[in-house]
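Computed over heavy atoms, backbone and side chain alike; hydrogens, waters and symmetry mates excluded. Every chain is numbered from 1, with letters handed out A, B, ... down the list of sequences.
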Amino acid sequence: MTRRRTLTIATFNVNGINARLSNLLAWLDYLKPDVVALQELKCEDAAFPREAIERQGYGAIWKGQRAWNGVALLARDAVPVESRRVLPGDASDRQSRYIEAAAHGIVIGGLYLPNGNPQPGPKFDDKLKWMARLHRHARTLVDLPHPAALIGDFNVIPSDLDVYDPAAWKKDALNQPEVRASYARLLEQGWTDALRSVFGSEQVFTFWDYFRQHAERDRGLRIDHLLLNPALATRLVEVGVDRWVRLEPGASDHAPVWMKIQR
DNA sequence: ATGACTCCCAAAGGGAGA
């Protein structure tokens with residue numbers, strides 16, 4: 001096997017890893033990403049499909065949870081070297097929403113940010129608190145001399161360009177001014193939003209809900225993000241969304257989002 | 001628009017998602 005000149009790093013909210021296992025494996029076989037962050041495993045640790053993932057050529061670490069949430073990191077022909085499995089700052093947090101590891105020379109934080117609906121309300125308050133914790137932890141990564149990325153389902157619509165109908169999503173937690181401002185402040189630490197930096201003013205989506213044939217009609221949101229610290233951003237080559245995965249039978253409501261970086 | 005659609009658990013219908 002020839003060694004490729006770029007590394008491919010991807011994030012994919014699978015919406016139930018066991019319900020979607022064949023979709024996930026088909027996509028891995030197609031793209032052959034080097035590092036993958038998964039969200040919404042919706043399984044306990046013991047139910048993670050480790051053997052099927054390993055047969056596909058990937059080492060994995062994961063943090064599951066019964067019924068909801070759950071995150072994992074996969075590395076092609078390697079096992080991610082875990083550095084964290086909880087976002088610091090709240091000892092009472094029992095939700096599986098963060099996992100961090102080194103893989104193929106890059107520090108990867110894989111995250112599943114709380115949805116926050118309905119808003120206003122306690123779930124929305126929790127979302128903002130989780131984002132504040134993310135800010136504090138991200139500060140420790142952004143200025144590392146080593147390449148680092150924060151990737152996953154942020155549940156944040158960064159701007160009106162990132163939603164097919166801003167008015168229809170006006171009251172949604174993903175689209176609130178406080179949430180957008182918090183995301184913007186995170187970027188101001190020095191993170192590069194890889195998709196936006198390459199697409200410029202062109203619209204691109206990563207999620208389409210299951211209603212009203214929104215996927216087929218490309219009425220979506222951009223809420224899955226790839227953030228690069230400066231040491232990694234200089235190596236960014238290409239980005240993409242594998243929208244075809246969203247159009248397959250039995251698909252997740254999210255599509256995989258990927259970037260290629262120089263080795 | 002208390003909607004729709006799909007997962008989970010569990011064994012029906014409710015919680016959660018976004």
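Distances shorter than 4.0 Å separate some side-chain N or O of A/Y112 from OP1 or OP2 on B/dA18. Of the side-chain N and O atoms in A/R66, none sit less than 4.0 angstrom from OP1 or OP2 of B/dG15.
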Walk me through whether A/D34 and A/H104 qualify under side chain to side chain donor-acceptor pair (under 3.5 Å). CA-CA 8 Å; A/D34 296 287; A/H104 296 291; 4.7 Å; no

If you apply the rule ring-ring contact (aromatic ring centres under 6.0 Å, His included), what do you find for A/W244 with A/Y30, and how did you get there? CA-CA 11 Å; A/W244 66 268; A/Y30 164 82; 4.9 Å; yes

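Contact annotation for A/H254: backbone-only contact, meaning every heavy-atom pair under 4.0 Å involves sugar-phosphate atoms and none involves a base. Looking at heavy-atom distances under 4.0 Å, A/F154 makes no contact with the nucleic acid at all. Counting any heavy atom pair closer than 4.0 Å across all strands shown, A/D209 reaches no nucleic acid atom. Among the atoms of the strands shown, only primed sugar atoms or phosphate atoms (P, OP1, OP2) are found under 4.0 Å from some heavy atom of A/N155. Backbone-only engagement by A/D153 is indicated by non-hydrogen atom pairs under 4.0 Å involving sugar-phosphate atoms exclusively. A/N13 comes within 4.0 angstrom of sugar-phosphate atoms only, judged by non-hydrogen atoms across all strands, and of no base. Counting any heavy atom pair closer than 4.0 Å across all strands shown, A/K123 reaches sugar-phosphate atoms only and no base atom.
Comparing B/dG14 with B/dA1, their P atoms are spaced 24 Å from each other, to the whole Å. For the P atoms, the distance from B/dG15 to B/dA10 is 15 Å, rounded to whole Å. Using P as the reference atom, B/dT2 and B/dA12 are 29 Å apart when rounded to the nearest Å. Taking atom P in both B/dC9 and B/dG3, one finds a spacing of 23 Å when rounded to whole Å.
The local environment of NZ in A/K32 is crowded, with over 12 non-hydrogen atoms from other residues, nucleotides or ligands closer than 6.0 Å. Around CZ of A/R5, the count of heavy atoms belonging to other residues, nucleotides or ligands within 6.0 Å does not exceed 12.
Atom CD in A/Q39 sits about 14 Å away from atom P in B/dG17, given to the nearest Å. Distance CD (A/Q65) to P (B/dG15): 17 Å, rounded to an integer number of Å. Regarding A/F211, its CZ atom lies at a distance of 13 Å from the P atom of B/dT2, rounded to whole Å. One can place CG of A/N15 at 19 Å from P of B/dG15, the figure rounded to the nearest angstrom. A/H225 has its NE2 atom 12 Å from the P atom of B/dA18, to the nearest Å. We find that CZ of A/R20 is positioned 11 Å from C1' of B/dG17, with the value rounded to whole Å. Following rounding to the nearest Å, A/E40 (CD) and B/dG15 (C1') show an atom-to-atom distance of 13 Å. If you take CH2 of A/W208 and P of B/dT6, they are 16 Å apart, rounded to a whole angstrom.
Each of A/A251 and A/W169 was assigned the nucleotide of DNA chain B with the nearest heavy atom; the assignment lying further toward the 5' end belongs to A/A251. Two residues, A/R212 and A/W68, neighbour DNA chain B, and the one matched to the more 5' nucleotide by heavy-atom proximity is A/R212.
Counting atom types as modelled, A/N115 pairs a side-chain N or O with a base atom of B/dA18 as donor and acceptor under 3.5 Å.
Judged by a 6.0 Å distance limit and a 45° cone about the ring axis, A/K260 is positioned over the six-membered ring of A/W258. A cation-pi contact, defined as under 6.0 Å to the ring centre and within 45° of the axis, links A/R97 to A/Y112.
Distances were taken from every side-chain heavy atom of A/Y210 (C-beta onward) to each of B/dG17, B/dA18, B/dC7; the shortest belongs to B/dG17.
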